[in-house]
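Beneath this line is the structure, given in structure tokens, with notes to follow.
Atom set for the values below is all heavy atoms of this structure, side chains included, hydrogens, waters and symmetry mates excluded. Keep in mind the model is a prediction, meaning the values are calculated, not measured.
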Amino acid sequence: MIYSDDAPALETALHKEFDDCRVNMANLRKEFFRVSLEEVEEAVHRLAPKASFFRDREAQEWYETLARRNELLKSDENNFPSSLPN
């Protein structure tokens with residue numbers, strides 16, 4: 001997790017920094033890069049020295065999303081007929 005006073009500018013700078021590491025070079029709107037967390041951390045410290053970089057933050061919203069999806073899957077399973085009509 002990164003806290004920055006100018007997050008949009010930092011994001012743009014990181015995209016430029018890792019442009020040659022894009023996973024999808026055909027569609028630049030797909031923002032996935034093949035870089036290590038260490039490379040990202042080093043770039044953040046260099047590009048935005050005042051930004052705070054945290055490795056130990058729990059992805060709470062991600063885990064909440066997974067829990068909700070699992071609940072939806074379970075409810076869908078309960079509403080699905082055990083056999084289909086012929």
Side-chain angles (χ1 to χ4, degrees):
M1 184 172 293
I2 304 166
Y3 291 103
S4 171
D5 289 336
D6 193 356
L10 177 56
E11 180 183 13
T12 298
L14 288 169
H15 285 194
K16 287 179 184 175
E17 177 81 11
F18 298 120
D19 192 55
D20 60 339
C21 301
R22 284 184 177 274
V23 172
N24 186 337
M25 298 186 98
N27 183 349
L28 300 182
R29 293 180 61 187
K30 303 289 184 181
E31 300 175 346
F32 296 99
F33 303 86
R34 191 173 306 278
V35 295
S36 68
L37 185 57
E38 291 76 18
E39 291 171 289
V40 174
E41 184 174 16
E42 186 275 324
V44 168
H45 289 308
R46 187 169 29 79
L47 297 168
K50 293 182 179 180
S52 301
F53 189 97
F54 298 95
R55 288 174 165 251
D56 61 348
R57 296 297 191 246
E58 184 177 310
Q60 183 176 349
E61 290 180 2
W62 168 247
Y63 290 114
E64 288 177 15
T65 299
L66 285 179
R68 288 182 184 178
R69 286 185 178 153
N70 286 334
E71 287 174 17
L72 288 172
L73 285 173
K74 286 180 186 175
S75 68
D76 284 348
E77 286 175 1
N78 293 336
N79 294 325
F80 197 76
S82 57
S83 64
L84 297 175
N86 293 342

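Rounded to the nearest 0.5 Å, atoms CG (Leu10) and NZ (Lys50) are 14.0 Å apart. Here Leu66 contributes atom CG and Leu73 contributes atom CG; the two are 10.5 Å apart, rounded to the nearest 0.5 Å. Ile2 contributes atom CD1, which lies 9.0 Å from atom CD of Glu41 (distance to the nearest 0.5 angstrom). Atom CZ of Arg22 sits about 7.0 Å away from atom CD of Glu31, to the nearest 0.5 Å.
Note: the hydrophobic cluster containing Leu37 also contains Leu14 (ILVMFWY, side chain heavy atoms under 4.5 Å, direct or indirect links).
Environment of CD in Glu64: crowded, with over 12 heavy atoms of neighbouring residues, nucleotides or ligands closer than 6.0 Å. In the displayed structure, Tyr63 atom OH is contacted under 6.0 Å by at most 12 heavy atoms of other residues, nucleotides or ligands. Residue Glu38 places its CD atom among more than 12 non-hydrogen atoms of other residues, nucleotides or ligands, all under 6.0 Å distant. Atom CG of Asn70 has more than 12 heavy atoms from other residues, nucleotides or ligands within 6.0 Å. The 12-atom threshold is not exceeded at CZ of Arg69, counting heavy atoms of other residues, nucleotides or ligands nearer than 6.0 Å.
Using bins of under 30°, 30° to 60° and over 60° for the plane-to-plane angle, the ring pair Phe53/His45 lands in the tilted bin.
Residues satisfying the side-chain hydrogen bond (donor to acceptor under 3.5 Å, both in side chains) test with Arg46, not counting sequence neighbours, are Glu17, Glu42. When the ring pair (Phe, Tyr, Trp, His ring centres under 6.0 Å) test is applied to His15, the partners found at least two apart in sequence or on another chain are Phe33.
Using a 4.5 Å heavy-atom cutoff, the side chains of Lys30 and Val23 are not in contact.
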